[in-house]
Protein chains: 2
Amino acid sequence: MNQQDRSYKDKKVISIGTVSELTGLTLRQIRYYEERKLIAPYRNDRGTRKYSFNDIETLMDIADKREDGVQTTEILKEMRLKEKQRESEAEVKKKMLQGQLNAQFRYGRGRN
Amino acid sequence: MNQQDRSYKDKKVISIGTVSELTGLTLRQIRYYEERKLIAPYRNDRGTRKYSFNDIETLMDIADKREDGVQTTEILKEMRLKEKQRESEAEVKKKMLQGQLNAQFRYGRGRN
DNA sequence: CGTGTAAGGAATTCTGACACG
DNA sequence: CGTGTAAGGAATTCTGACACG
């Protein structure tokens with residue numbers, strides 16, 4: 001996904017009623033998951049919550065796990081773990097790219 | 001942009017107040033451009049308008065043209081023309097791809 | 001033509017709280 | 001713990017219409 005596309009997915013512009021329709025969750029549930037730090041909607045001037053498509057996907061994941069009886073505390077831990085995993089992966093990729101650049105640089109110099 | 005990303009851009013989930021903030025247009029203007037067929041928001045059960053990110057981009061284009069004094073009728077014509085151009089381009093691409101496939105097929109047969 | 005505005009009604013969202021299990 | 005609900009207030013959105021230039 002490129003930069004442009006991310007901006008759509010991350011932009012917090014959807015109000016809670018629409019999120020409720022899209023996820024099948026009640027307003028109460030959506031607000032409660034925020035209280036438990038599982039999501040962090042933006043608040044506009046008037047204090048109205050605004051959600052992103054990303055938030056909606058997170059909420060659908062939460063709904064699945066809650067159906068399996070997983071508590072919000074556990075879900076929060078899982079989410080934090082996943083986040084760390086993503087960071088590590090990004091780190092590995094960065095290092096691999098760095099290694100390739102170094103190799104290419106040495107190769108280029110050798111031919112001159 | 002892949003299928004998944006398109007769904008974010010095209011999904012009509014943003015209410016008119018947010019669209020107003022994002023585009024700088026007044027509610028009156030946004031509704032009027034709909035009346036002139038420049039945009040077509042979705043209406044939910046209660047008749048509330050819902051817009052997509054695509055609609056927002058269209059509205060920003062409209063705003064620019066209106067500032068240049070272009071009338072809504074002209075803008076509509078321009079939009080329809082662009083649409084036809086996009087269709088032609090898609091047609092050309094389709095034909096080029098078809099040609100390549102044919103060539104490949106003949107080439108493959110020749111070697112057997 | 002394009003936009004502002006006042007009008008009245010209906011639906012939305014917010015918070016804090018009590019209830020239940 | 002997770003969710004429902006009633007409560008009261010504030011802001012949103014809708015339509016049809018009159019106004020102006």
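Atom set for the values below is all heavy atoms of this structure, side chains included, hydrogens, waters and symmetry mates excluded. Residue numbers begin at 1 in each chain, while the letters A, B, ... track the order of the sequences.
- Residues B/Lys50 and B/Val13 form no side-chain contact, since every pair of their non-hydrogen atoms from C-beta on lies 4.5 Å or further apart.
- Put simply, A/Thr48 has no side-chain N or O that comes within less than 4.0 Å of OP1 or OP2 on C/dT12.
- Of the side-chain N and O atoms in B/Ser15, one or more sit less than 4.0 angstrom from OP1 or OP2 of D/dT13.
- Taking the side chain of B/Arg46 as heavy atoms from C-beta on, and the options C/dT12, C/dC14, C/dG2, the nearest nucleotide is C/dT12.
- For C/dT5, the base has a donor-acceptor partner in the side chain of B/Arg28 [N/O atoms by modelled type, under 3.5 angstrom].
- Here A/Tyr33 reaches the OP1 or OP2 of D/dT3: one of its side-chain N or O atoms lies under 4.0 Å away.
- Base pairing annotation: D/dA6 forms no Watson-Crick or G-U wobble pair, as no partner gives both donor-acceptor distances under 3.5 Å.
- A/Tyr42 places its OH atom 13 Å from the P atom of C/dC14, with the value rounded to the nearest Å.
- At the heavy-atom level, B/Thr73 lies nowhere under 4.0 Å from the strands shown.
- Between the C1' atom of D/dG2 and the CD1 atom of A/Ile39 lies a distance of 15 Å, rounded to the nearest Å.
- Contact between the side-chain N/O atoms of A/Arg31 and the OP1/OP2 oxygens of C/dT13 is not found at any separation under 4.0 Å.
- For the pair A/Leu27 CG and C/dC14 C1', the interatomic distance rounds to 11 Å; values are reported in whole Å.
- Each of C/dG2, D/dT13, C/dC14 was ranked by its minimum atom distance to the side chain of B/Arg66; first place goes to C/dG2.
- To the nearest angstrom, C1' of D/dC14 lies 11 Å from OH of B/Tyr51.
- Distance B/Asp45 CG to C/dA10 P: 18 Å, rounded to the nearest Å.
- Applying side chain to side chain contact (heavy atoms under 4.5 Å, CB included) to B/Tyr33 and the options B/Leu59, B/Asp55, B/Thr58 leaves one that passes, B/Leu59.
- There is no side-chain donor-acceptor pair under 3.5 Å between B/Thr26 and B/Arg28.
- With a cut-off of 3.5 Å on both Watson-Crick or G-U wobble distances, the partner of C/dG16 is given as none.
- Phosphate contact (OP1/OP2 of D/dG4, side-chain N/O of A/Tyr32, threshold under 4.0 Å): absent.
- Between the P atom of D/dT3 and the CD atom of A/Glu67 lies a distance of 11 Å, rounded to the nearest Å.
- Across the protein-nucleic acid pair, A/Asn44 atom CG and C/dC14 atom P stand 9 Å apart, rounded to whole Å.
- Contact of the A/Thr73 side chain with the A/Arg36 side chain is registered, since non-hydrogen atoms from C-beta on lie closer than 4.5 Å.
- When the P atom of C/dT13 is taken as reference, atom CD of A/Glu34 falls 14 Å away, rounded to whole Å.
- Residue A/Gln29 places its side chain closer to D/dG4 than to any other of D/dG4, C/dT13, C/dT3.
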Please test A/Tyr8 against B/Lys11 for side-chain contact (heavy atoms from CB on, under 4.5 Å), starting from the C-alpha separation and ending with a verdict.
-> CA-CA 10 Å; A/Tyr8 297 133; B/Lys11 201 129 198 184; over 6 Å; no

